[in-house]
Amino acid sequence: MEAVIVVDMLAEFVRGKLATGRECVVIEPLTALLSAARKAKRPIIYVGDAHLPCDPELRVWGEHAMKGSDGSRVITELTPQSGDYVLEKRTYSAFFETGLDSLLRSLGVETAILTGLHTHLCIRHSAADAFFRGYRIVVPIDCVTAFTEAEQGSGLEDLHRNYGAELVTSPDLARRLG
Ligand code: ZN
């Protein structure tokens, strides 16, 4: 069983302080993939930043997506629907102290479909943690993006080479789920 994990598709990253303009391109393909996944009864799990003032990441990036702030909300186009799961994270990995691993295990998930932001950073750290825990990883390349084209390229290569992520396109993946 596959689950779609949606990382950091939050107002702060798509239209806020840390937006670069490159983030919007994933909204349309991701919307279509999520709708296919819901139809195919695959779990959808949103994991997004909800930072506390003491989080080490703020030393690197400054304040962003603070817990309870507008910036920490999933963008309206991708608003979670009933039956979806929503978890909060406080650092790059979607697995680090979020309960994601136990949720996936209780749902019988073996394959993590990683989507969202950013390919070389939070997707990469989430892939590493998924890999360490024995999950297979699939990344629809049109549903992930990074701050720059170079980071997108190096991120995808890293995901494939080091964590064995299968790189696919979202229409192909949607067909497979159906
Ligand atoms: Zn953060």
Side-chain angles (χ1 to χ4, degrees), residues 3-27 29-31 33-34 43-81 84-104 109 112-133 135 137-159 162-163 165:
V4 184
I5 299 164
V6 184
V7 178
D8 279 341
M9 286 303 292
L10 309 178
E12 191 81 279
F13 296 108
V14 179
R15 300 196 174 97
K17 204 162 108 182
L18 295 177
T20 68
R22 292 176 47 88
E23 295 77 14
C24 298
V25 298
V26 305
I27 297 174
L30 187 49
T31 302
L33 179 65
L34 293 181
I44 294 168
I45 304 162
Y46 291 80
V47 191
D49 268 1
H51 283 299
L52 300 181
C54 54
D55 289 348
E57 225 187 73
L58 305 194
R59 294 201 295 266
V60 180
W61 298 97
E63 280 207 357
H64 65 277
M66 302 304 287
K67 186 179 171 72
S69 70
D70 288 346
S72 72
R73 294 222 184 97
V74 174
I75 57 168
T76 51
E77 295 95 321
L78 297 172
T79 300
Q81 299 184 13
D84 296 346
Y85 301 88
V86 181
L87 302 176
E88 295 183 344
K89 65 182 179 68
R90 290 176 53 203
T91 190
Y92 304 138
S93 171
F95 283 87
F96 189 76
E97 295 179 353
T98 61
L100 177 59
D101 185 35
S102 62
L103 175 60
L104 292 176
V109 171
I113 298 169
L114 297 178
T115 68
L117 309 173
H118 297 87
T119 314
H120 64 301
L121 192 56
C122 291
I123 299 294
R124 179 187 178 186
H125 283 88
S126 301
D129 274 340
F131 179 78
F132 300 152
R133 288 163 178 77
Y135 294 96
I137 301 162
V138 177
V139 177
I141 58 174
D142 49 343
C143 294
V144 293
T145 189
F147 298 122
T148 66
E149 193 57 38
E151 287 167 331
Q152 170 77 346
S154 65
L156 288 175
E157 187 180 341
D158 194 40
L159 290 167
N162 300 330
Y163 308 116

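All ligand and atom numbering here is 1-based and tracks the order in the structure. These numbers come from the heavy atoms of this one structure, side chains and all, not from hydrogens, waters or symmetry mates. Note that this is a predicted model, so its numbers are computed, not measured.
With respect to the salt-bridge test (charged N to carboxylate O, under 4.0 angstrom), the residues R90 and D49 do not qualify. With salt bridges taken as basic N to acidic carboxylate O contacts below 4.0 Å, one links E149 and R22.
The aromatic rings of H120 and F147 stand perpendicular to each other, their planes meeting at an angle above 60°, with 30° marking the opposite boundary.
For the Zn ion (ligand 1), the nearest N, O or S atom contributed by D49 is named OD2. Between the Zn ion (ligand 1) and the N, O or S atoms of E57, the shortest distance is to OE1. H64 contributes atom NE2 as its closest N/O/S atom to the Zn ion (ligand 1).
Counted within 6.0 Å of NZ on K17, heavy atoms from surrounding residues, nucleotides or ligands total more than 12; the atom is thus considered enclosed.
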